[in-house]
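The next block holds one structure in the form of structure tokens; read it before the comments.
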Protein chains: 2
Amino acid sequence: MPNLAATYRLDREPDDLPERLPEPAVENIRLERVMGVLADPLRLTIVQRLLRESEDFDQTCGWFGFDRPKSTLTHHFKALREAGVITQRQYGLERRSRVRLDDLGHRFPGLIDLVLAWSPASEG
Amino acid sequence: MPNLAATYRLDREPDDLPERLPEPAVENIRLERVMGVLADPLRLTIVQRLLRESEDFDQTCGWFGFDRPKSTLTHHFKALREAGVITQRQYGLERRSRVRLDDLGHRFPGLIDLVLAWSPASEG
DNA sequence: GTACTAGTACGAATAAACTCGAACTATAGA
DNA sequence: TCTATAGTTCGAGTTTATTCGTACTAGTAC
């Protein structure tokens with residue numbers, strides 16, 4: 001495994017990074033859409049883990065370690081991206097995701113904190 | 001039309017009010033469920049209008065003036081109640097709704113503000 | 001009592017979401 | 001070039017939501 005911190009640090013210049021996959025512009029992010037996409041526990045988990053455990057660089061699909069078919073994961077990541085919650089970039093073979101922190105914070109102040117504070121049903 | 005402000009003011013004692021219809025206890029309100037229920041524009045509108053236009057007393061289904069069959073409205077109000085977003089009380093013939101402001105504010109600080117700030121897609 | 005009203009319950013049709021397997025694409029490394 | 005890897009795309013089955021019409025219930029008013 002390569003040194004991700006060195007290779008994919010987010011403090012690089014934007015020019016260094018691969019293009020973002022298609023996603024809505026900030027002003028087109030809709031609250032009802034975001035709510036809908038965060039209504040799913042798996043997707044809520046994805047966003048929360050990106051927020052809690054992955055501050056300084058993007059993460060791949062596989063990093064999460066979900067025991068689900070790849071096509072299912074693709075489906076959920078795409079849903080998150082198309083709703084405007086995450087950005088995805090193609091790093092060679094890998095497609096890495098990060099939360100659109102600034103955009104969401106600007107459009108929907110407080111939303112990120114709700115996701116951070118969430119605890120899954122199985123937990124206490 | 002009777003004087004609602006006098007008849008149904010919320011600063012009455014709880015004993016004066018009809019029972020609440022079945023709803024989850026505060027600690028059982030789940031964020032993913034709330035998100036799911038607020039993903040629908042009609043329901044988001046219901047909650048927003050209750051918040052913006054109805055601070056001092058509960059409102060009936062009909063008060064909103066939606067041009068939808070009654071059974072559709074029943075469906076959505078029930079969804080909101082079962083998710084823990086609103087409380088409903090039976091006042092004689094009418095079933096009046098109000099947002100569970102304290103409960104939601106306590107469980108999910110910031111959520112109410114998101115709903116208040118929301119603007120429907122058709123608007124600017 | 002009868003009639004009106006506000007809303008529920010049920011059932012069916014349609015639409016949307018979730019899940020997954022199988023086949024595929026594109027990159028990386030030997 | 002061959003192989004492994006990380007992920008996509010497509011299609012189908014299943015589930016869940018939405019919408020609505022019709023029939024019903026429970027208060028209210030006369």
Side-chain angles (χ1 to χ4, degrees), chain A residues 1-4 7-8 18-23 30 32-46 57-83 85-98 121, chain B residues 1-4 7-8 17-23 30 32-46 57-83 85-98:
Chain A
M1 178 158 174
N3 182 343
L4 292 176
T7 313
Y8 300 132
E19 289 289 300
R20 293 177 169 212
L21 302 202
E23 68 185 16
R30 303 271 339 145
E32 58 271 38
R33 192 90 189 270
V34 170
M35 294 281 200
V37 98
L38 295 181
D40 183 284
L42 184 66
R43 289 192 292 244
L44 210 37
T45 302
I46 290 172
F57 41 87
D58 304 359
Q59 296 296 353
T60 66
C61 247
W63 171 79
F64 296 87
F66 293 124
D67 186 22
R68 297 291 191 87
K70 293 187 292 182
S71 50
T72 299
L73 298 180
T74 296
H75 168 75
H76 288 298
F77 278 94
K78 190 178 178 187
L80 284 168
R81 175 168 50 84
E82 292 183 340
V85 176
I86 64 173
T87 281
Q88 292 185 288
R89 287 190 166 94
Q90 194 79 32
Y91 293 89
L93 250 189
E94 297 168 336
R95 182 163 291 193
R96 295 180 166 268
S97 304
R98 70 182 316 197
Chain B
M1 178 155 173
N3 182 343
L4 291 176
T7 313
Y8 299 133
L17 299 174
E19 288 289 300
R20 293 178 168 211
L21 302 202
E23 68 185 17
R30 303 270 339 144
E32 58 271 36
R33 192 91 188 269
V34 171
M35 294 281 199
V37 98
L38 294 181
D40 184 283
L42 183 66
R43 290 192 292 244
L44 210 38
T45 303
I46 290 171
F57 41 86
D58 304 358
Q59 297 295 353
T60 65
C61 246
W63 171 78
F64 296 86
F66 294 123
D67 186 21
R68 297 292 190 86
K70 293 188 291 181
S71 50
T72 298
L73 298 180
T74 296
H75 167 75
H76 288 298
F77 278 95
K78 189 178 178 187
L80 285 168
R81 176 168 49 84
E82 293 183 340
V85 176
I86 64 172
T87 282
Q88 292 186 288
R89 287 190 166 93
Q90 195 78 33
Y91 292 89
L93 251 190
E94 297 168 336
R95 181 164 291 193
R96 293 179 168 267
S97 304
R98 71 181 318 196

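Side chains included, hydrogens not; waters and symmetry mates left out as well; all remaining heavy atoms used. Chain letters run A, B, ... following the sequence lines, proteins first, then strands; residues in each count from 1. Treat the numbers as computed from the prediction; the structure is a model and nothing was measured.
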What integer distance in Å separates B:Y91:OH from C:dT8:C1'? 19 Å
OP1 or OP2 of C:dT8 sitting under 4.0 Å from any side-chain N/O of B:H75? no
Judged by each residue's nearest nucleotide on DNA chain C, which is more toward the 5′ side, B:S71 or A:D40? B:S71
By nearest atom, which of the nucleotides C:dA6, D:dT8, C:dA9 is closest to the B:K70 side chain? C:dA6
Smallest separation among heavy atoms of B:A79 and B:R43, with atom names: CB-NH1, 3.8 Å
When rounded to whole Å, the NE2 to P distance for the pair A:H76 and D:dT9 reads 16 Å
Side-chain (A:R81) to main-chain (A:P22) donor-acceptor, under 3.5 angstrom: yes
Ignoring hydrogens, what is the shortest heavy-atom contact between A:I46 and A:F66? Give both atom names and the distance. CG1-CE1, 3.5 Å
Whole Å only: how far is the CD atom of B:E32 from the C1' atom of C:dA17? 17 Å
Quick one: A:Q59 CD to D:dG7 P, roughly how many Å, whole number? 11 Å
Using the side-chain heavy atoms of A:R43, tell me which of these nucleotides is nearest: C:dC18, C:dT19, D:dT8. C:dC18
Rounded to whole Å, CD1 of B:I46 lies from P of C:dG7 at a distance of 12 Å
Per atom distances to the A:L93 side chain, the nearest of C:dT8, D:dT9, C:dA26 is C:dA26
Given atom CZ of B:R95 and atom P of D:dT25, what is their separation to the nearest angstrom? 15 Å
Regarding the side chain of B:T74, the nearest nucleotide among C:dT19, D:dT9, C:dG7 is C:dG7
Winner on side-chain proximity to B:E94, out of C:dT8, C:dG7, D:dC20, is C:dG7
note: A:Q90, atom CD; D:dT5, atom P; distance rounded to Å ~ 18 Å
Using the side-chain heavy atoms of B:T60, tell me which of these nucleotides is nearest: C:dC18, C:dG21, C:dG7. C:dG7
Spacing between B:F64 atom CZ and C:dA6 atom P, to the nearest angstrom: 15 Å
Check: B:R95 and B:R89 side chains under 4.5 Å, non-hydrogen atoms: no
How close do B:L44 and B:L38 get, heavy atom to heavy atom, and via which atoms? CD2-O, 3.5 Å
